[in-house]
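Because only heavy atoms are used, hydrogens play no part in the values below, and waters and symmetry mates are left out as well, while side chains stay in. Along the sequence shown, residues carry numbers from 1. Note that ligands are numbered from 1 as they come in the structure, with each ligand's atoms numbered from 1 the same way.
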Amino acid sequence: MHTWAPVDVPRIAGEGPPLRLHDTATGRIRPTAPGREALMYVCGITPYDATHLGHAATYLAFDLVNRLWRDLGHDVHYVQNVTDIDDPLLERAARDQDDWVVLGMRETALFREDMEALRVLPPRHFIGAVEAMGEIAELVGKLLASGAAYRVDDAEFPDVYFDSSVTGHFGYESSYDEPTMTQLSRERGGDPDRPGKRSPLDPLLWRMAREGEPYWESDLGAGRPGWHVECAAIALNRLGPQIDLNGGGSDLIFPHHECGAAHAEAFTGVHPFARHYTHTGMIGLDGEKMSKSRGNLVFVSKLRSEDVDPNAIRVALFAGHYRTDRAWTQGLLDDARARLARWRDAVALTVAPPADDLVRRLRTHLADDLDTPAALAAVDAWAAQARERRGTDSVAPAAVRDAVDALLGVRL
Ligand code: 5CA
Ligand code: ZN
């Protein structure tokens with residue numbers, strides 16, 4: 001699939017500390033240590049509805065990672081998928097008497113527009129499951145051949161499942177106990193009760209074609225892939241056996257990232273698949289997680305159509321820490337607009353306090369597990385001083401504008 005348009009990132013002088021990020025697998029905030037290339041895979045959307053502020057918050061958090069790594073001189077190799085074939089898409093298409101292909105294409109196009117408007121740096125590879133079908137089937141075939149996968153004993157539908165015991169590490173990424181894993185598997189697309197599986201937690205790799213469902217021909221027989229193997233194949237084939245970061249919202253901790261990691265590790269023998277598994281908190285509305293299935297959504301495109309400045313959306317979502325479950329409110333947006341106006345007033349001045357100290361603080365706070373509330377407070381403090389005319393530095397306004405643009409992606 002084509003990705004979205006590049007975003008200009010100003011170069012700023014100096015260098016910040018290494019980026020430290022929370023890693024779900026170890027439960028700790030640890031330094032990231034990419035090589036010249038930083039390898040990042042962030043799970044993409046399932047395009048059956050428009051991008052809501054929960055999605056936006058998640059992609060904005062990883063956009064900061066991208067920006068900080070670039071600021072440290074890394075060449076960020078960023079890959080993102082689109083789950084353009086899966087049960088939720090088919091169910092929505094059936095409900096609305098829509099064509100699932102058209103639905104997926106429409107919502108993916110809208111997602112690109114939203115990301116572009118939000119000034120999110122595009123992934124280098126933006127890959128749909130459908131276009132990756134050959135490589136996904138190939139990975140499933142290899143897992144089957146190596147004994148890491150098996151067919152259930154079902155004459156009609158001998159679907160292929162992954163044997164979650166083969167790596168010896170299953171459960172390391174989420175650290176959940178077995179009842180929790182079973183429960184989450186049931187809630188999030190798994191089928192722990194399917195008869196014939198070696199373990200209830202074994203995830204589906206290849207679903208043999210059912211009447212009325214789309215399918216693809218392959219050596220495995222006509223069918224379609226399970227969800228986790230899609231991301232494992234797309235990531236492995238572009239980023240290699242070990243990546244610096246596997247990201248997504250906290251609802252992907254299990255089963256999705258646990259299973260994706262297990263698939264990759266069973267195939268390559270390299271453990272851990274990702275040096276960091278980083279997860280964002282859930283954005284809620286009216287006390288509940290914002291989700292397509294609950295229908296309590298605030299769409300980015302709706303806000304855009306109301307002429308809301310996308311920079312204000314960034315500032316509003318950065319007002320909370322990325323790992324905190326938090327609510328979207330009108331008040332949050334109003335505060336962000338007021339904040340943005342104060343910052344814009346300050347950078348429009350001809351003289352201001354020097355930028356160096358603020359730039360150092362921005363880098364330090366963001367490198368500390370993306371502490372955006374502290375980063376925004378640092379800009380507030382500089383802007384307040386500038387507006388009180390407590391500065392004489394004539395290059396500072398432009399320098400701050402560039403730093404806020406480069407590091408936070410907020411255009412003043
Ligand atoms: N296509 C799969 C990943 S391979 C998927 O989870 N798609 S999604 O459209 O449901 O979600 C896309 C991303 O947004 C995921 O990282 C998910 O964790 C995140 N997300 C979904 N709802 C919220 C929310 N309310 N708050 C924060 N992030 C969310
Ligand atoms: Zn994924």
**Study point:** Candidate pair W227 and T46, rule side-chain hydrogen bond (donor to acceptor under 3.5 Å, both in side chains), full reasoning
**Key:** CA-CA 10 Å; W227 172 27; T46 304; 5.5 Å; no

Check your understanding: Got an N/O contact under 3.5 Å between M282 and ligand 1?
Key -> no

Check your understanding: Would you call D75 and R36 a salt bridge, using N to O less than 4.0 angstrom?
Key -> yes

Exercise for review: Decide, counting backbone as well as side-chain atoms, whether H256 has an N, O or S atom less than 2.8 Å from the Zn ion (ligand 2).
Suggested key: yes

Check your understanding: Under 3.5 Å, side chain of E258 to main-chain N/O of Y172, donor-acceptor pair present?
Key -> yes

Review point. For ligand 1, does I283 get within less than 4.0 Å through its side chain, its backbone, both, or neither, judged by non-hydrogen atoms?
Key: both

Check your understanding: Are Y59 and D114 linked by a side-chain donor-acceptor pair shorter than 3.5 Å?
Key -> no

Practice item. Verify whether the ring centers belonging to Y41 and F273 lie closer than 6.0 Å. Key: no

Practice item. Run the contact test for H279 against ligand 1 with a 4.0 Å cut-off on heavy atoms, strictly below, and give the result. Key: no

Point to revise | Three-point angle C43:SG, the Zn ion (ligand 2), C231:SG, rounded to the nearest 10° | key: 120°

Check your understanding: Any idea which atoms of ligand 1 are less than 4.0 Å away from a heavy-atom of C43?
Key -> 3 (C), 4 (S)

Exercise for review: Using a cut-off of strictly less than 2.8 Å, determine whether H228 has an N/O/S atom near the Zn ion (ligand 2).
Suggested key: no

Practice item. Indicate yes or no: does D357 engage R361 in a salt bridge with an N to O separation below 4.0 Å. Key: yes

Check your understanding: Nearest heavy atom to atom 17 (C) of ligand 1: which of T51, V82, D251 does it belong to?
Key -> D251

Check your understanding: Can an N or O of T280 be found at a distance shorter than 3.5 Å from an N or O of ligand 1?
Key -> no

Review point. N/O of G44 under 3.5 Å from N/O of ligand 1, yes or no?
Key: yes

Point to revise | G281 to ligand 1, any heavy atom closer than 4.0 Å | key: yes

Exercise for review: Would you verify whether the NZ or CZ of R198 falls within 45 degrees of the ring axis of Y161 while also being under 6.0 Å from that six-membered ring's centre?
Suggested key: no

Point to revise | Aromatic centroids of H77 and H125 separated by under 6.0 Å | key: yes

Check your understanding: Can you list the ligand 1 atoms lying under 4.0 Å from a non-hydrogen atom of G248?
Key -> 16 (O)

Check your understanding: Do any N/O atoms on T58 end up under 3.5 angstrom from N/O atoms on ligand 1?
Key -> yes

Point to revise | Sub-4.0 Å atoms of ligand 1 with respect to non-hydrogen atoms of T83 | key: 1 (N), 2 (C), 4 (S)

Review point. Is ligand 1 less than 4.0 angstrom away from at least one heavy atom of C231?
Key: yes

Review point. What about Y59: any of its N or O atoms under 3.5 Å from an N or O on ligand 1?
Key: no

**Study point:** N or O contact, G249 vs ligand 1, cut-off under 3.5 Å
**Key:** yes

Check your understanding: Relative to ligand 1, is I45 under 4.0 angstrom through side chain, backbone, both or neither, heavy atoms considered?
Key -> both

**Study point:** Salt-bridge present (R92, D49; N to O < 4.0 Å)
**Key:** yes

Check your understanding: For ligand 1, which part of N81 has a heavy atom less than 4.0 Å away: the side chain, the backbone, both, or neither?
Key -> side chain

Practice item. Answer yes when D244 and R275 have at least one side-chain N-carboxylate O distance shorter than 4.0 Å, and no when they do not. Key: yes

Point to revise | Single hit among L412, L340, D405 for side chain to side chain contact (heavy atoms under 4.5 Å, CB included) with N311 | key: L340

Exercise for review: Determine whether the side chain, the backbone, both or neither of H256 has a heavy atom under 4.0 Å from any heavy atom of ligand 1.
Suggested key: side chain

Exercise for review: Look at D99 together with R106 and state whether they make a salt bridge at an N to O cut-off of under 4.0 Å.
Suggested key: no

